[in-house]
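Read the structure below first, then the notes.
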Amino acid sequence: MESGHYRSTKLPDIKLMMWIFLASDTMFFGTLIGTYLVYKGRSLVGPYPVEVLDIPLTTVSTFVLLMSSFLMVLALHALRQDDTFRFRLWTFGVAFFGSIFLGFQVYEFAHFVDLGLTLQGNLFGTTFFVLTGTHGVHVTIGVIWLLSILVHSFVKPWTSKDEVYLEVAGLYWHFVDVVWIVIFTVVYLVEFA
Amino acid sequence: MAVSKVTVAAPAGSGVFTRPNWDAGWLSWLTTVDHKRLGLLYIFTSFLFMSAASIEAFLIRLQLAVPNNTVLNPDAYNQMFTMHGVTMVFLAIMPLGIGFANYFVPLQIGARDLAFPRLNAFGYWIYAVGGLFVYSSFFLGGAPDAGWFAYSPLTSLSNNPGNGTDFYMIGLFVGGIGTLVTAMNLIVTIISMRAPGMTMMRVPVFTWMMLVTAFMIIFAFPPLTIALFQVIMDRTFGTLFYVPQAGAMPILWQHLFWIFGHPEVYIIVLPAFGVISEVIPTFSRKPLFGYPVIILSGIFIGFMGFAVWSHHMFTTGLGPVVNTAFALTSFVIGIPTGIKIFNWVGTIWGGKVVFTTSMLYAISFLITFTIGGITGIMLAVPPFDAQAQDSYFVVAHFHYVMGGGALMAFFAGVYYWFPKMSGKMMDERIGKLGFWFLVPGLHLIFFPQHIAGLMGMPRRTQTYVAGIGLELPNLLSTAGTFVMMIGLILLAVNLVHGLLRGKPAGNDPWDGRTLEWATTSPPPHHDFDRQPVVNDRDAHWVQKYPESVHGHRVPESASEPYDANGIHMPGQSWYPFIMGIAFLPFSYGLLYHNFWVLGLSILIFFVGTFGWAFEGVGGHHLPAGGHAHPKGARS
């Protein structure tokens with residue numbers, strides 16, 4: 001989405017745009033996490049966090065998400081080397097691992113609802129589902145984005161000249177990962193500290 | 001994605017829509033991606049909303065003209081002051097600044113357009129859609145009535161069962177997205193698309209202030225957006241974010257709102273500072289006094305703007321430590337603002353001042369804004385604030401800052417830039433006549449409100465009793481409304497008169513200093529025939545009078561043709577309009593809990609994203625050197 005005119009920086013427009021978007025997105029998540037922390041421990045009825053949160057399960061899904069970031073690095077590296085096969089393989093891998101993470105989240109949500117934790121039940125439910133749900137939407141968008149890149153690469157082969165488009169998707173993906181690390185710490189680990 | 005730059009010569013579309021390629025006709029305004037046209041759309045739309053807000057203000061003042069008046073019943077009164085505030089802040093003054101930025105930031109930095117022209121169009125359309133959506137509430141069961149800051153728990157479903165609050169929450173949620181993407185677009189443009197030689201310390205002050213403003217927007221709007229989202233969730237899906245019975249704390253809304261709301265004050269006022277910093281040097285015929293200090297003060301305000309929000313909450317019982325801290329930060333933020341005032345006065349000092357209408361508005365800004373600033377410092381003192389909180393003193397204060405400050409500066413901008421935008425002059429006699437109604441009228445409205453406030457008149461109250469000394473200030477205020485209204489009407493008359501009968505302006509009617517005066521009035525569709533090259537601050541002035549500033553002219557040969565292919569003009573597109581309009585079914589679907597309509601809009605959005613991406617930037621090239629203006633391509 002760039003015209004060929006003079007640029008005063010070396011940075012591609014869309015890459016700068018993504019950094020600025022991520023700066024802004026930090027405030028979105030910051031506000032949601034802030035709300036979660038402000039309301040932490042204020043639920044009047046259960047279920048309370050320690051009764052439902054399952055650290056081993058979420059540790060596995062967190063690990064999967066972190067590994068997907070690793071695959072993202074490999075995919076970008078492969079594209080820069082014009083290694084089309086590995087670029088497609090790793091890009092698929094990122095989307096696949098992202099989907100596994102989403103699967104864990106769907107299971108977790110369903111399981112929590114079974115345990116009586118709902119959006120409307122108590123403040124923990126309200127803040128937990130909205131925070132992790134917003135993160136889940138981000139992951140979903142990332143998965144769709146990466147799959148679109150994958151499909152597009154079969155329509156019109158991607159080469160190292162297109163690396164910035166993958167790099168931008170990668171920036172987004174890594175950011176969503178980092179946000180999850182904060183959420184995992186603040187929402188899950190702190191409860192058992 | 002992955003659009004190659006050279007092979008876009010044909011305007012052929014890939015996907016559902018044929019790529020539109022209209023230069024004239026109303027359809028060309030729906031599909032335009034040109035920053036100048038979008039700037040005009042922003043300015044025009046904000047004036048429409050401002051007219052609505054003026055009518056609301058007029059009704060409020062009619063109601064308060066005499067004690068125990070019955071022009072508006074309490075319910076209608078609540079809707080009027082809420083909508084007046086919402087409109088002026090979100091739909092009138094802020095978009096006016098963004099409109100000027102759209103038009104003049106690329107021209108001032110010698111860029112062809114914003115970095116993402118289609119995204120720019122998208123931003124405009126959701127602003128328009130969000131505004132229309134909020135206004136449709138008048139016909140659909142009543143407008144929002146919980147004040148422009150919509151404090152929780154006034155907005156809970158049990159306290160406010162009508163749809164008005166939903167219109168507020170959803171409308172601002174949607175409109176905020178438009179503001180966010182436009183701000184991101186402006187940041188990329190200003191950082192990356194400055195002309196060769198235009199270092200950051202040569203960037204015109206208006207553009208600089210827009211850069212700071214855009215950064216404030218991207219950090220300030222998310223807290224508001226999330227807070228609105230939380231209330232939407234509460235009202236639509238029964239979550240508990242602001243339900244005290246479940247342990248929630250409604251004061252969280254105040255914090256989130258003011259973490260947005262105080263930066264918002266500067267989001268409105270920094271572009272106004274930018275306009276003033278263009279107008280005063282031009283009409284004092286001197287360089288801006290202390291350019292680096294003005295810039296650094298602006299950046300300092302940008303940071304400090306996020307550290308003062310709790311001064312809106314001194315009376316909520318946060319405790320003496322918090323109040324003291326926020327009082328101190330609020331005093332500190334007065335310093336850079338004061339520095340700027342001295343810089344502008346220093347610019348006028350010793351200058352050959354030309355008293356055009358634009359300059360008159362700029363000078364009235366200096367005086368009125370200073371008065372508003374001084375009452376602001378008074379209100380930053382917690383004990384005083386405890387007395388004046390929620391009284392007409394506060395109303396007077398922020399109308400001096402927003403109305404007498406930001407709005408007067410933008411009117412200065414209207415008179416200053418109208419010749420560039422239209423190619424015609426506005427009438428100075430009508431302008432000055434209007435000025436002498438508008439500004440004295442403004443003071444007549446708001447000065448007595450200081451006194452009414454100190455006498456204890458509460459704001460947001462539909463009426464007052466006779467015999468406690470409030471009659472005179474209120475009657476004066478209402479009388480002022482009529483005086484100011486004459487000024488506003490004369491301004492509107494002058495705009496129409498200028499468009500129809502104005503004398504030709506020429507390229508540079510004010511002997512201007514910045515690059516926008518280097519091109520024709522109105523600028524051609526492609527802005528500049530050749531890529532401007534800059535080697536000093538006040539680039540256009542140096543080009544005209546190098547000896548006066550010990551500068552040197554950039555030789556004609558240094559100013560390059562754009563590139564080997566000529567000037568790239570991005571293609572028009574249907575997608576920004578369609579995806580903007582898709583927010584209408586989204587908003588109504590969410591409001592009326594019709595999840596089919598909601599789903600439909602999300603589907604349009606989903607498909608539209610792909611259409612948008614694969615359509616690519618498209619467009620065509622004008623020949624390099626560019627004297628061949630294609631027929632009708634002038635905006």
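The model shown is predicted, which means the values in this text are computed figures rather than measured ones. Chain letters run A, B, ... following the sequence lines, proteins first, then strands; residues in each count from 1.
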Heavy-atom contact with chain A under 4.5 Å, split by part of [X]:
X	result
B:Phe215	neither
B:Met249	both
B:Phe260	neither
B:Gln230	side chain
B:Ile191	both
B:Leu180	side chain
B:Phe221	neither

So, does [X] use its side chain to make a donor-acceptor pair with the main chain of [Y] at under 3.5 Å?
X	Y	result
A:Gln120	B:Leu240	no
A:Arg42	B:Gly247	yes
A:Tyr39	B:Ala248	no

Query raised in the report: In terms of heavy-atom pairs under 4.5 Å with chain B, which of A:Val130, A:Thr134, A:Val45, A:Asn122 leads?
Result: A:Val130
**Report entry** Residue among A:Ser24, A:Ser8, A:Gly121, A:Ser43 with most heavy-atom pairs under 4.5 Å to chain B
**Finding:** A:Ser8
Query - Listed partners of B:Thr239 passing side chain to side chain donor-acceptor pair (under 3.5 Å), at least two apart - result: B:Asp234
Query - Side chain, backbone, both or neither of A:Thr118 within contact of chain B (heavy atoms, under 4.5 Å) - result: neither
Query - Contact origin within A:Val38 toward chain B - heavy atom pairs under 4.5 Å - result: both
Query raised in the report: If you count the non-hydrogen atoms of other residues, nucleotides and ligands that lie under 6.0 Å from CZ in A:Phe192, is the total more than 12?
Result: yes
Query - Residues of residues 181-189 of chain B within contact distance of chain A, non-hydrogen under 4.5 Å - result: B:Val181, B:Met184, B:Asn185, B:Ile187, B:Val188
Requested in this report: Determine, step by step, whether A:Phe29 and B:Ile226 satisfy the side chain to side chain contact (heavy atoms under 4.5 Å, CB included) criterion, reporting the C-alpha distance in whole Å, the side-chain angles of both residues, the deciding distance to 0.1 Å, and the verdict.
Outcome: CA-CA 9 Å; A:Phe29 278 111; B:Ile226 293 295; over 6 Å; no
Query raised in the report: Under 3.5 Å, is there a donor-acceptor pair between the A:Thr9 and B:Ser192 side chains?
Result: yes
